[in-house]
Amino acid sequence: MLEVIALEKRFGETDVLKSIDLTVHAGELVFVIGPSGSGKSTMLRCCNRLEEPTSGAIMVDNERITDITRHDLDRMRLKVGMVFQGFHLYPHMSVLKNVMLAQVKALKRSKPEAEARAMDMLDQVGLAHKAAAMPAELSGGQQQRVAIARALALDPKVMLFDEPTSALDPELVGSVLRVMKQLREAGMTMVVVSHEMEFAREAADRVVFMDGGYVVEQGTPEEIFGAPKSDRLKSFLSRVS
Ligand code: ADP
Ligand code: MG
């Protein structure tokens with residue numbers, strides 16, 4: 001469903017991604033871990049071309065998204081849902097309007113159709129009763145679940161999560177992880193950058209360890225957490241756990 005092939009990214013003189021290869025099959029949840037500055041966010045951002053790769057290729061659902069023109073970029077972005085650490089909801093719009101907006105603008109859905117889909121998605125994240133609320137009236141965990149509903153409403157092929165719970169108070173983290181787990185059970189293809197190692201152990205099909213712009217090691221949660229091979233991974237795990 002998602003294939004990253006020899007991806008490189010330089011910012012000026014800084015070589016951030018040196019040569020990243022990553023394959024994510026349909027329905028897989030791939031967890032990405034690694035020290036701060038190792039290039040995790042840059043890699044995710046390249047996957048929907050929020051960053052332009054310096055070289056390499058990215059395939060989404062059998063389409064080479066690194067080749068497509070500006071013109072097709074918006075259509076391509078719809079295939080790749082993204083959820084960030086900050087929720088980026090529109091503060092002056094109700095929860096419902098937030099989940100409807102891109103459906104109407106980008107997918108050209110009618111308002112009733114977009115509203116029905118929005119209510120379905122809000123129901124899925126347990127927030128149908130907050131449809132009329134403004135974002136500021138919600139907790140951080142609820143806002144993040146609205147952001148997930150908004151991304152899902154566009155029928156993405158892949159969902160990318162960049163530290164979705166890092167900005168949340170500890171007691172709100174669980175509700176967001178539960179929604180992600182449900183999504184996985186529903187068969188969504190997901191790439192998750194996160195420090196929630198417990199969640200990785202429970203929910204990930206595969207864990208990828210990045211360091212210094214490379215994928216240093218990858219394997220099942222049992223392999224990565226139970227029998228790390230490289231010194232860099234061992235040292236990372238001893239620091240985070
Ligand atoms: P991570 O998400 O693993 O913490 P990032 O992908 O955010 O890592 O960053 C990797 C490296 O790329 C860091 O050294 C960061 O300073 C650098 N970097 C990220 N974005 C930019 C940018 N727009 N311009 C210059 N350097 C950047
Ligand atoms: Mg990051």
Side-chain angles (χ1 to χ4, degrees), residues 2-24 29-58 60 65-66 70 73 77 80-89 140-141 143-144 147-148 151 156 158-170 172-173 176-177 180 189-201 203-204 206-219 221 224-225 228 230-241:
L2 172 69
E3 195 166 11
V4 175
I5 306 155
L7 176 66
E8 295 183 31
K9 175 66 182 175
R10 271 189 294 278
F11 292 106
E13 296 292 284
T14 321
D15 235 348
V16 171
L17 300 179
K18 285 162 189 156
S19 183
I20 300 282
D21 291 286
L22 182 66
T23 304
V24 183
L29 192 161
V30 171
F31 213 85
V32 181
I33 59 174
S36 172
S38 57
K40 304 179 300 296
S41 295
T42 303
M43 198 249 315
L44 286 193
R45 291 165 61 81
C46 285
C47 290
N48 66 357
R49 294 209 13 211
L50 286 172
E51 295 292 356
E52 283 300 318
T54 305
S55 65
I58 296 171
V60 176
I65 66 155
T66 29
R70 280 269 140 210
L73 207 53
R77 288 214 172 108
V80 185
M82 186 133 185
V83 174
F84 304 92
Q85 180 177 337
F87 329 116
H88 304 297
L89 299 177
Q143 290 187 51
Q144 189 59 298
I148 294 172
V158 185
M159 287 280 284
L160 309 177
F161 293 85
D162 194 358
E163 304 204 17
T165 59
S166 299
L168 301 178
D169 292 335
L172 302 176
V173 168
V176 172
L177 296 182
M180 292 168 68
T189 308
M190 302 161 80
V191 181
V192 180
V193 172
S194 166
H195 302 292
E196 297 290 336
M197 301 297 173
E198 258 329 289
F199 179 70
R201 280 175 194 273
R206 194 144 46 87
V207 179
V208 170
F209 171 60
M210 280 178 67
D211 194 13
Y214 292 102
V215 171
V216 174
E217 201 168 326
Q218 57 176 306
I224 291 296
F225 298 118
S230 62
D231 288 341
R232 284 201 278 178
L233 175 54
K234 285 178 198 164
S235 128
F236 173 73
L237 291 174
S238 71
R239 273 179 281 137
V240 294
S241 56

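Values reported hereafter were calculated over all heavy atoms of this structure, with side chains retained and with hydrogens, waters and symmetry mates removed. Counting starts at 1 for both ligands and their atoms, following the listed order.
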**Report entry** Test: E13 and R10 ion pair at under 4.0 Å
**Finding:** no
Check for me whether G39 has a heavy atom closer than 4.0 Å to any atom of ligand 1. yes
message: For a quick check under 3.5 Å, do R239 and S235 share a side-chain donor-acceptor pair by atom type?
response: yes
Does ligand 1 come near enough to S38 that some N or O of the ligand is less than 3.5 Å from an N or O of the residue?
yes
Between A6 and S19 the two heavy atoms that sit nearest each other are CA-OG, 3.7 Å
In the complex you have, is atom 22 (C) of ligand 1 within reach of the protein, judged by whether a heavy-atom distance drops under 4.0 Å?
yes
Residue, atom and distance of the protein heavy atom nearest atom 9 (O) of ligand 1 read T42 OG1, 3.9 Å
Taking every heavy atom of R232 against every heavy atom of D211, the minimum-distance pair comes out as CD-OD2, 3.0 Å
With a cutoff of 4.0 Å, is P35 in contact with ligand 1, counting heavy atoms of the residue only? yes
The protein heavy atom nearest to atom 4 (O) of ligand 1 is G37 N, 2.7 Å
When distances are taken from atom 19 (C) of ligand 1, the protein heavy atom at minimum range is F11 CE1, 3.6 Å
protein heavy-atom neighbour closest to atom 7 (O) of ligand 1 works out as S41 CB, 3.7 Å
Please check if the side chain of K9 supplies one atom and the backbone of C46 the other of a donor-acceptor pair under 3.5 Å. no
**Short N/O/S contact of T42 with the Mg ion (ligand 2) (below 2.8 Å)** = no
Exercise for review: Please step through side chain to side chain donor-acceptor pair (under 3.5 Å) for the pair S230 and E217, ending with a clear verdict.
Suggested key: CA-CA 7 Å; S230 62; E217 201 168 326; 2.7 Å; yes
min-distance protein heavy atom vs atom 17 (C) of ligand 1 -> V16 CG2, 3.8 Å
All heavy atoms of V83 vs all of A147, minimum pair found to be CG2-O, 4.3 Å
